Amino acid sequence: MDYQFREIENKWQRFWAENQTYKVKNSSDKPKYYVLDMFPYPSGAGLHVGHPLGYIASDIYSRYKRLKGFNVLHPMGYDSFGLPAEQYAIQTGQHPAVTTEENINTYRRQLDQIGFSFDWSREVRTSDPGYYKWTQWIFMKLFNSWYNQESEKAEPIDTLIAKFERNGSEGIIAVADDEVNTFSAADWKSFTEEEKQVELLKYRLTYLRESTVNWCPALGTVLANDEVKDGFSERGGFPVEQKKMMQWSMRITAYADRLLQGLNDIDWPEPLKEMQRNWIGKSVGALVRFSLTPNPSPGERGTAETGYKTADPALWDILKTHSRQNRKESTVAEDLLWQALRNSQTGFKIRRQHAIHTYIADFICLKKGLIIEVDGGYHASNKESDTLRTEALNRLGFEVIRFSNEEVISKTIEVTNAIRGKLETLPDRKIDETVSLSPGEGRGEAIEVFTTRVDTIFGVTFLVIAPEHELVERLTTPEHKDEIEAYIIQTKKKSELDRMADAKTVSGAFTGSYALHPFTGEQIPIWIADYVLAGYGTGAVMAVPSGDQRDWLFATQYHLPIVQILDAQKDLDKQGDPTKEGRYVNSHFLDGLKYKEATAVAVAKLEDLGKGKAKVNYRLRDAIFGRQRYWGEPVPVYFKGDLPHLIDESDLPLVLPEVDAYLPTESGEPPLGRAEDWHYSKVLPDGAHLEGSYELSTMPGWAGSSWYWYRYMDAQNDQEFASKEAIEYWKDVDLYIGGSEHATGHLLYSRFWNKFLKDVGYVIEEEPFKKLINQGMIQGRSNFVYRLFLDSAHYLKDNFELVQKEKPLLVSFNIADRILKGQMPPHEFKEILANQLGEDALLEFPIRTSLMVQHLHVDVNIVENDVLNLEKFKNFRPEFANAEFILESGKYICGVEVEKMSKSKFNVVNPDDIIERYGADTLRLYEMFLGPLEQSKPWNTNGIEGVFKFLRKFWKLFHDDQFNFRVSDQEPTKAELKALHKIIRQVEEDVERFSVNTSVSSVMICVNELTDLK
RNA sequence: GCUCAGAUGGUGGAACUGGUAGACACGCAGGACUUAAAAUCCUGUUCCCGUUAAAGGAGUGCGGGUUCGAUUCCCGCUCUGAGUACCA
């Protein structure tokens, strides 16, 4: 052989390894350049031919940058925590660490023989304790931080505690849980340590709270939103259901806006940025409050008298129902007090369980405007809502006094006297019908909707709330109860898929209740419908049928009014028209305005009235961070009671314990529940005793990959995740190459952690990956053979059975294709058969025939240029050993289809085989030559010969006919120099814009030219 | 439905800023070498018409437009791929 690729490649690969040619230092006179590949999960199947595509491109670019005088960091490692190793462990009992190690060795061997210029001294493995120590450390930093919306960054939790101590919760604007409490500095100081911790947990960037999670019973774990597709798990395709669980979460929503803004400053493919934008899903709109209004049932309306009808008219029905119920279910204390207060024993008329505006007061004297509340009754709840109630009622002109159950029971006389005293001193209440509440008051007693089109507010003709909405039960009037319940049952039965299939239809049910239009005070019916999602916005929408197609459908179906609000709206009898053009009509103070003005005016007016405000809504949810799995990073947390505490930093890494099996415990706890002594106990130098059981869930797959590029900068450091100097020098990734499938997972989480690490001062750059390229997916290219079934025995002398079982008939692609398309006239087919099988093989040819063709996958490795190797095929499928092959032009041509690469389709091409046959350089060159880097394309080994021939031709430029190395010191000719310089320039230009395929072809042209000149 | 990307020979693809469409390679056809095959080398290869050679016509998914000139820019449509989805 002339071109000995094996010898050449072995020689140089050994040289690079022995001399550590690609080891790079963290300091240099040269400018830095950081080229990163998405590190692989080392699966058992090893690399297939699609994996190295991106690695080859990045390797070419790294080598190019080195030649251009840069100090290039080009590392590689393994994302080695993950589900498959654990699933395998469950089946076989083999420790995932063992499987992982084996797989890594395979990967390493495969990567090495492709000849990459990685600096292996910096290798990382996310499952290595020396690595995950720092993943846990970052978790601790997140736990100890909160997001201050004033400074727009994360800050240490101590700064929040300091604020609480100074001013209580006042003036703090933070991204936190919805249910944070309001309290004064004095309140804070009076809190127990535990109460303080509970409150702080609502602010921490990683926190524990009960949340609805995607639970996958088959995998026995929760999944993040990006790990669920159409209601099934991305890995394995198991069904996923919603479940409430105590879970660790990451407050990524704090960074929603920065994650969105940052996209403008980075050089990423537009589709990828678009995916992230959609995932974050920012919508600018407004929150509008619709207060509730009664169902005007005739009986009630006529008898209501001003002095006594103190309830918000909206709520009369509902509140009345509740009042009655409360009276039936009254507490001992309430009954006692009622005995003392009833029948004007105090000299004043007292009412019991009476509706006031949107509340129900335990006892009330309407004349004096005094409300007496007994804690522990219907409204038994936390201090916060009591305070809110009191404030709201005060504003409505009522005085509120409050007694506890104990007080009423043990000191009934004193309590009664106190009430009488109060009644005697109070002036009569002024009856003011126009009372209204300001924003935030009477929470839960109005329906809040989120809308991006406040401008259409006068087109609202009904409200729709999600069937799961918390107000549904309270809003449903007795007459509509059956209907609503039936509808809820019906929607619950519907699966995700059904819902999607029904996307074009709408259904719903009327609650029987009404809300008040914030501007006109008109009554607006409240419906429930499953096209409104509980999880987005407030779970309630204002329906504007003239401006929204779904609302229009709903209105049409249930005969609700459709009000035109813009003169530009067209065809409202056929559709909803969401236009923003034209001027407003039927819209009171918005009439005549244009879209922009109308929006601004509407929002301003809502804010004036306290009925709403401008609001930005995000689709992005906080990321669930716990997995009920073994093979992941342990969470460095122990529990004292129900409260989580961090372990001491000096105890990192918290090493994954050994377990006897990798399954959940009998009581349903995660596998770590099986570990012995999984318990923390530590005495600090100051004498503090830390003790409790460790967290049982582990971190999700994306934890380790959310910061790994920093570890490469200083992989051996055991004092820091990377030294300040190293981070100072390398800063960020200049070029990142990887698949677009990580758009809403890894790439978003990494940006989030990076921003956090920047906020708390550990890293420098706001964005981690300056330029990103998605290499296209390599699809599989399957080959097929076609088996012909005859419906009669007339074709061959052998009988039918024989034909079918012992002599299968396989026809070449173009014949099969014509048969399938019905383009094969019987006489022509007869001729083909006769030619190939012999005239005497045929009996009389039937006039009517129907031929059935079955296509079968055939291993692409025994097909060359779509021509089947018959001998290899007979080995591959022994059942076809004695088959008859009907050829075309003397060959059996296989059919072709592009599919996903998978074993079952026999279309997997292993790089090892290619390297064995042609060498690594041919593989690398061919993968690049296949087409543009970013384009998805099927792997097709056809044509690899051309690249191989080119390499040989190139080699021959420097070798004589006897294959001896021969170059001369002669001056090159002008023509030779011209060819050389042309190629230098072209390759440079092409590589700069990652057009590697064209630079390969330029080099081919150059070699052709030089060969001609030789 | 929405968003994004794309559509060029038998195939993968090239044409970078509007300036000779089809580079480079595969495949195919013919030829040389060989007893033969493989390998290698040479020639041809967008389509149509035509041919000794030529000459001509059409052509970058479809229909329009801007321009001296359009694969490239604009408008409308068709199809393919990807993402996403009752997101208010």
Side-chain angles (χ1 to χ4, degrees), chain A residues 1-2 226 229-230 269-283 285-288 449-454 456 460 463-466 494 496 499-508 529-544 547-551 553-554 576 578 617-620 740-741 743-744 774 776-777 779 781 814 864-867 889 893 896 898 925-926 929-932 934-950 952-953 956 986 989-990 992-993 995 997-1008 1011:
Chain A
M1 260 296 272
D2 37 14
D226 67 282
K229 289 223 156 131
D230 302 335
E270 199 47 49
L272 200 90
K273 290 197 201 179
E274 197 60 27
M275 268 191 251
Q276 291 211 345
R277 283 190 196 108
N278 289 337
W279 191 260
I280 296 166
K282 179 177 183 171
S283 9
L287 221 46
V288 183
V449 305
F450 176 72
T451 177
T452 53
R453 292 294 302 273
V454 237
T456 64
V460 175
L463 294 189
V464 192
I465 63 179
K494 261 201 230 174
E496 284 283 316
R499 270 197 178 199
M500 286 202 299
D502 288 353
K504 288 209 174 72
T505 64
V506 285
S507 61
D530 64 359
Y531 80 82
V532 175
L533 306 176
Y536 183 77
T538 60
V541 304
M542 55 179 227
V544 183
D548 181 281
Q549 185 57 21
R550 281 160 323 173
D551 295 345
L553 274 173
F554 199 86
N617 202 38
Y618 294 93
R619 200 179 78 102
L620 185 72
S740 60
E741 65 272 22
T744 49
N774 288 129
M777 285 244 285
Q779 294 137 308
R781 186 180 187 275
N814 287 306
E864 205 160 327
N865 290 328
D866 298 330
V867 176
S889 319
I893 309 287
V896 172
V898 174
L925 223 41
Y926 186 60
F929 189 58
L930 215 47
E934 307 196 15
Q935 190 174 305
S936 281
K937 58 231 156 191
W939 175 264
N940 182 355
T941 314
N942 299 352
I944 196 165
E945 294 277 348
V947 170
F948 183 67
K949 271 191 256 180
F950 153 72
R952 192 154 57 186
K953 211 166 174 182
K956 277 187 178 166
Q986 271 182 12
E989 281 174 5
D990 286 350
E992 286 284 1
R993 59 193 173 96
S995 175
N997 55 329
T998 53
S999 80
V1000 174
S1001 77
S1002 318
V1003 181
M1004 286 177 170
I1005 295 168
C1006 175
V1007 168
N1008 288 343
T1011 306

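These numbers were taken from a predicted model, which means no experiment stands behind them. Only heavy atoms go into these numbers, but all of them, side chains included; no hydrogens, no water, no symmetry mates.
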Sugar-phosphate or base contact per nucleotide [nucleotides 11-18 of chain B; S, B, -; heavy atom under 4.0 Å] = -BSSSB--
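Taking atom P on both nucleotides, B:C74 is separated from B:G81 by 25 Å, rounded to a whole Å. Taking atom C1' in both B:A23 and B:A14, the straight-line distance is 5 Å, to the nearest Å. Of the C1' atoms belonging to B:A21 and B:G59, the separation is 9 Å, rounded to the nearest Å. The separation of B:A25 from B:G44, taken at their P atoms, amounts to 13 Å, rounded to a whole angstrom. Comparing the C1' positions of B:A29 and B:U20 gives a spacing of 27 Å, expressed to the nearest Å. Distance noted for atom C1' between B:C68 and B:G83: 43 Å (whole Å). Between the P atoms of B:A37 and B:A32, the separation comes to 11 Å (whole Å).
With its glycosidic angle more than 90° from 0, B:G30 is assigned anti.
Stem regions for RNA chain B, each three or more consecutive Watson-Crick or G-U pairs with both distances under 3.5 Å and listed by first number, read B:1-7 with B:78-84, B:10-12 with B:24-26, B:27-32 with B:40-45, B:46-48 with B:56-58, B:61-65 with B:73-77.
Between A:Asn942 and A:Arg781 the shortest side-chain heavy-atom distance falls below 4.5 Å.
Listed here is the closest heavy atom pair of A:Asn997 and A:Phe929: O-CD1, 3.9 Å.
In the set B:U40, B:A88, B:C4, the nucleotide with an atom closest to the side chain of A:Pro271 is B:C4. Distances were taken from every side-chain heavy atom of A:Met275 (C-beta onward) to each of B:G83, B:C87, B:C4; the shortest belongs to B:G83. Checking B:C86, B:A88, B:A85 against the side-chain heavy atoms of A:Arg619 singles out B:A85 as nearest. Of the listed nucleotides (B:A23, B:C26, B:C87), B:C87 has the atom at the smallest distance from the side chain of A:Leu533.
Using a 4.0 Å heavy-atom distance criterion, A:Asn617 is classed as making no nucleic acid contact. A:Glu270 comes within 4.0 angstrom of nothing in the nucleic acid, heavy atoms only.
Here A:Arg550 reaches the OP1 or OP2 of B:C87: one of its side-chain N or O atoms lies under 4.0 Å away. Not one side-chain nitrogen or oxygen of A:Lys956 sits closer than 4.0 Å to the OP1 or OP2 atom of B:U40.
Electrostatic pairing of A:Glu270 and A:Arg277 counts as a salt bridge here, judged by a charged N lying under 4.0 Å from a carboxylate O.
Between the side chain of A:Gln986 and the backbone N or O of A:Ser999, no donor-acceptor pair lies under 3.5 Å.
Atom C1' of nucleotide B:G81 and atom CD of A:Glu274 are separated by 17 Å, given to the nearest angstrom. In this structure, A:Trp279 places its CH2 atom 16 Å from C1' of B:A82, rounding to the nearest Å.
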